[in-house]
Amino acid sequence: MRTETPPLIRLEEYRPSDYLIDRVDLDIRLDPHATRIDATLALRPNPAGEAGAPLNLDGDELRLVSVALDGAPLAAGAYAASPSGLSLIDPPRRPFVLRIVTEADPTANTKLMGLYRSSGVYCTQCEADGFRRITYFLDRPDVMAVYTTRLEADRDESPVLLGNGNLVDSGPAGAGRHFAIWHDPHPKPAYLFALVGGRLGKVETRFTTMEGRGVTCAVYVEPGKESRADYALDAVIRSMAWDETAFGRPYDLDVFNVVAVSDFNMGAMENKGLNIFNDKYVLASPETATDGDYAAIEAIIAHEYFHNWSGNRVTCRDWFQLCLKEGLTVFRDQEFSADMRSRPVHRIAEVRSLRARQFPEDAGPLRHPVRPRAYAEINNFYTATVYDKGAEIVRMLRTLIGPEAFRAGMDRYFADNDGRAATVEDFLAAFATVTGRDLTAFARWYERPGTPRLTATLAYDRAAARCRLHLVQTLPGEAGQDAPPLVIPVALGLVGAAGPLAGATCPDVRDGVYVLDRAEAEIVFESVAEEPVPSLLRDFSAPVRLDLALTDAQRMRLLAHDSDPFNRWQAAQDVALRLILDPDPDRAEAFAQALGRFLDAEALGDPAFAALVLALPSEGEAADALPRDVDPDAIHQARSALRAHLGRALRPCLERLDAALAPAAGATYSPDAASAGRRSLRNAALDLIAAGDPELGAARAGERLDNATNMTDRLAALATLALIPGERREAALAGFAARYADEPLVLDKWFAIQAQIPEPGTLERITTLQGHPAFTMTNPNRVRALIGSFAFGNPTQFARRDGAGFSRVADAVALLDSSNPQVAARLLTAFGSWRRLEKSRAAKAVEILNRINAIPGLSRDSADILARSLGDG
Ligand code: B3K
Ligand code: ZN
């Protein structure tokens, strides 16, 4: 068994680089198997580094062809080279020029890091440490250089040649080849380098910035799919306009290019002026993409574009500061989506995703602070904690200081750090400066792992018309009260029998927010005319778990009367969650009645919101509410029973909604939020009808599938049908596959739906699907659709008692680990919550994790996840 764990890199050991690189000139001759990279680096000793230190350039699986210093080949003894590094033993103590020629085989690069080919298109992925797979370099974000890139390729194979920055020259290069020279005037770290070469179609348009700069914006896709890029291009333009209005940030180059590729390890990458995307987050048509896909495309286009300021102009000093760009940019894309769509609906979606992904991570062995203090493999830290909890910290900061001061602080941050590699301290300093506040206590959010618990109790004194709210904060696993408290903004209000209690006053609450900065506090409300129900953590004002003992009736009062949409939704979720964890037919019936009243009164007024109210907490969320002995089968049964009950009890109401929300005959599809909301409620209604009466549901879903005019309705119907075993399901699945045989991204949806069927037969189904002609382990989207959906989205079958589900995922990891360690390691994180499973399942999980751990030559990526998952966390 593996005994060594990968070595750790620690924040406290950060030192500035001994050398800096000011300019990089690249001459890259693209070839499928022998691409030549001729790099000229203008280096100088860093005044902040150690004088006379050896120069150690990073490399990863590199093949060195030649190296020269100031024009002369280096003597053999003057340097040491290996695939993973190039060192100059005694470099000059003055500025010098290194010319390094390496050769790479992009076709053989299955890790999809560095330079690789995707369906014949040359592309790159350099974050976090992929540039060192192209040439030897100081591959760290605080080394920033100005890049000029000459690309040369066969004209037929790669008519399109794209680089960072602006195009400065292009033309024929002889022998059927051509070249393009790109210059990026903005100094950048190597992780933002990119190139693309290939046969691509494009859509383009012009945008004029607030500064009057004309920008050509283009989206490049597989030829023939250009019309599917229109929505992404529109999202680019809307993002550019929004960042100017909301944050005063204009674009800073003459071109902005987005390229879609079909083999990509994650969603997209913010390379300067040349964003490279997983095609799943670019291509959309009503026939192939759901409303959810359109929303995701809009959000990710925006996210990558917003990085141009939060990440590129101001970058990170080191990878421990990852949340500085990611948390902030997620916050920015969330605000953008909220402005483009319904703010409360979007907020609820954000919190659902936080609870589904970040809360379990924060409660398991893979937990880490938003700013980690140590890592073995940085690519394993692109986590929900860094991204989503990171965004929540920025949101809390805005809540604490108010929107005007927040905007002033952001302006200050950009002004003070433009062109720099910054830290979390630099970020907070900007806000401290503009507000005059001390943010040291607030900064603890970046350092303390785990989801805090906020326990609240309310006591009402009728005679005095006064109520006291007692609040206590605790962090999980905290011994005693020694640890300093966090600063928790608690947005709150009191709700009476007919609505918010307007007359109640409390001097500690400002603008509806109480700031809890102690372990415990009591706040007093006066002039409270009737016994209220507290509405706490409105709009989910802090990423904490709230313990507040309310009766179902009190929660239903919040659903009916709270002014805060988030807490109205939360109230229904809380009742449902309790009913899943502790089933009770009478209370379920009362819940159904309350939901019925809510739906009748409001569903058609805000269908998207109503659909969220109808969506019960997921099985994962129910598991997450339990400290130990999680039995996924019991949760599944309880949740299904509750859905069946609601489906029966609400049937007439759901039928009415179904009819009222039916699209007009001949109506054309539009992905806008209002139309999407109507579809989501209508499909949620059908799904609940089917839960209550599977026979009827299957017939209706079959009909909807046949008559659907868009992918949203078609897929929703298929998902409903997939839960109802029988001939009809199999025929529908087969029909869908035949219809979309040439659409890999649509087949991914088909793989995912089947991988999530909560039946013992699913494993066998997955075996069959792994042999499907459209499936391949070499494409990350396929792997995530089939294996990922099973591991992360099918709790009963993944955690089967016999271990066969764990085993299946382990086999996939074993198969993938050497060819694509990043995707393998990501799959392994599905085991993150094993400790809370009931004993027999937990024992199987450990057995299987140990089995993977024993594989000789396991990647650092997987070894790191295993070491932490099996450690004492
Ligand atoms: N910054 C990239 C993620 C890079 C992941 C490296 N393993 C995409 C994003 O967050 O915008
Ligand atoms: Zn990002």
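In each ligand, atom 1 is the first atom listed, and ligand 1 is the first ligand listed. Note that this is a predicted model, so its numbers are computed, not measured.
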With heavy atoms of [X] as the reference, note each atom of ligand 1 found under 4.0 Å away.
X	result
His307	9 (C), 10 (O), 11 (O)
Met269	1 (N), 2 (C)
Lys325	1 (N)
Met266	4 (C), 5 (C)

### Message
Angle between ring planes, Phe131 versus Phe137, binned at 30° and 60°: parallel, tilted or perpendicular?
### Response
perpendicular
### Query
Any salt bridge between Asp58 and Arg140, counting N to O under 4.0 Å?
no
### Query
Less than 4.0 Å between a side-chain N and a carboxylate O, is that true for Asp293 and Lys749?
yes
### Query
Name of the Glu326 N, O or S atom nearest the Zn ion (ligand 2)?
OE1
Counting non-hydrogen protein atoms only, what is the nearest one to [atom]? Give residue, atom name and distance.
atom	result
atom 10 (O) of ligand 1	Tyr387 OH, 2.4 Å
atom 11 (O) of ligand 1	Glu304 OE1, 2.7 Å
atom 6 (C) of ligand 1	Glu127 O, 3.3 Å
atom 8 (C) of ligand 1	Ala268 O, 2.9 Å
atom 7 (N) of ligand 1	Asn379 OD1, 2.9 Å

### Query
Is the ring centre of Tyr446 less than 6.0 Å from the ring centre of Phe427?
no
### Message
Taking the ring of Phe336 and the ring of Phe306, is the distance between their centroids below 6.0 Å?
### Response
yes
### Query
For ligand 1, is there an atom lying under 4.0 Å from some heavy atom of Met113?
no
### Cation over ring face, Arg132 and Phe193, 6.0 Å, 45°
no
### Query
Does Arg355 make a cation-pi contact with Phe540, if we ask for NZ or CZ under 6.0 Å from the ring centre and within 45° of the axis?
yes
### Summary
The angle formed at the Zn ion (ligand 2) by NE2 of His307 and NE2 of His303 is about (to 10 degrees) 100°
### Query
Would you say ligand 1 has an N or O under 3.5 Å from any N or O of Gln125?
no
### Query
Is there at least one pair of N or O atoms, one from Glu270 and one from ligand 1, spaced under 3.5 Å apart?
yes
### Verdict with supporting geometry, Tyr375 and Phe320, ring-ring contact (aromatic ring centres under 6.0 Å, His included)
CA-CA 8 Å; Tyr375 61 78; Phe320 297 101; 4.8 Å; yes
### Message
Do Met269 and Asn275 have side chains that approach each other closer than 4.5 Å (heavy atoms only, starting at C-beta)?
### Response
no
